Amino acid sequence: MLSLNSSLLLGRRGGGLGGMVGWFIRIVIYDICITGISDVFGVSRMVALFIFLGILGLISLGGYLLRNKYATGAADDF
């Protein structure tokens, strides 16, 4: 019975305590990035947030373009 309760607390599927810890770690990492951008560029945290989101958007756009560039040959075969 103890192992059942511990597996429920650990959240094997991303929920429970494990999910909360994961979200906390993400928030801390994002906060460090936004604070760093704010300090480096000397802007407010809101402007730094938009800069951070812009950087994430450019990274995802680059990944999307690379995936489409290299996956076009495989899609034509089907």
Side-chain angles (χ1 to χ4, degrees):
M1 188 68 177
L2 182 63
S3 64
L4 176 64
N5 289 336
S6 64
S7 68
L8 289 175
L9 286 177
L10 291 177
R12 295 186 183 233
R13 294 187 182 202
L17 187 61
M20 288 190 301
V21 170
W23 276 105
F24 180 73
I25 290 171
R26 287 185 194 120
I27 290 170
V28 168
I29 290 171
Y30 296 154
D31 186 54
I32 291 170
C33 291
I34 292 169
T35 303
I37 291 171
S38 175
D39 290 342
V40 167
F41 294 117
V43 295
S44 69
R45 288 179 58 84
M46 183 63 81
V47 174
L49 173 66
F50 285 116
I51 292 171
F52 179 70
L53 291 175
I55 292 169
L56 289 180
L58 289 175
I59 291 171
S60 64
L61 178 67
Y64 174 78
L65 292 175
L66 284 174
R67 185 184 69 182
N68 282 345
K69 179 181 177 182
Y70 292 113
T72 54
D76 293 337
D77 292 338
F78 295 109

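Nothing here was measured: the structure is a model prediction, and the numbers come from that model.
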What is the distance from atom CD1 of I51 to atom CG of L56, rounded to the nearest 0.5 Å? 12.5 Å
Measure the spacing between CG of L53 and CD1 of I34 and express it to the nearest 0.5 Å. 7.0 Å
Could you give the distance from CG (L58) to OG (S60), rounded to the nearest 0.5 Å? 7.5 Å
Looking at every heavy atom in both V43 and A48, which two are closest together, and how far apart are they? CG2-N, 4.0 Å
Can you tell me how far CG of D39 sits from OG1 of T35, rounded to the nearest 0.5 angstrom? 6.5 Å
What is the distance from atom CE of M46 to atom CG of L49, rounded to the nearest 0.5 Å? 6.5 Å
Would you kindly confirm whether V40 and I37 end up in one hydrophobic cluster when ILVMFWY residues are joined by side chain heavy atoms under 4.5 Å apart? yes
With F50, which residues qualify under ring pair (Phe, Tyr, Trp, His ring centres under 6.0 Å), at least two apart? none
Could you list the residues that satisfy side-chain contact (heavy atoms from CB on, under 4.5 Å) with V28, not counting sequence neighbours? F24, I32
List, by chain and number, the other hydrophobic cluster members for Y64, where Ile, Leu, Val, Met, Phe, Trp and Tyr join if side-chain heavy atoms come within less than 4.5 Å, directly or indirectly. L61, L65
Go through the steps for L17 and M20 under the test side chain to side chain contact (heavy atoms under 4.5 Å, CB included), then give the verdict. CA-CA 5 Å; L17 187 61; M20 288 190 301; 3.8 Å; yes
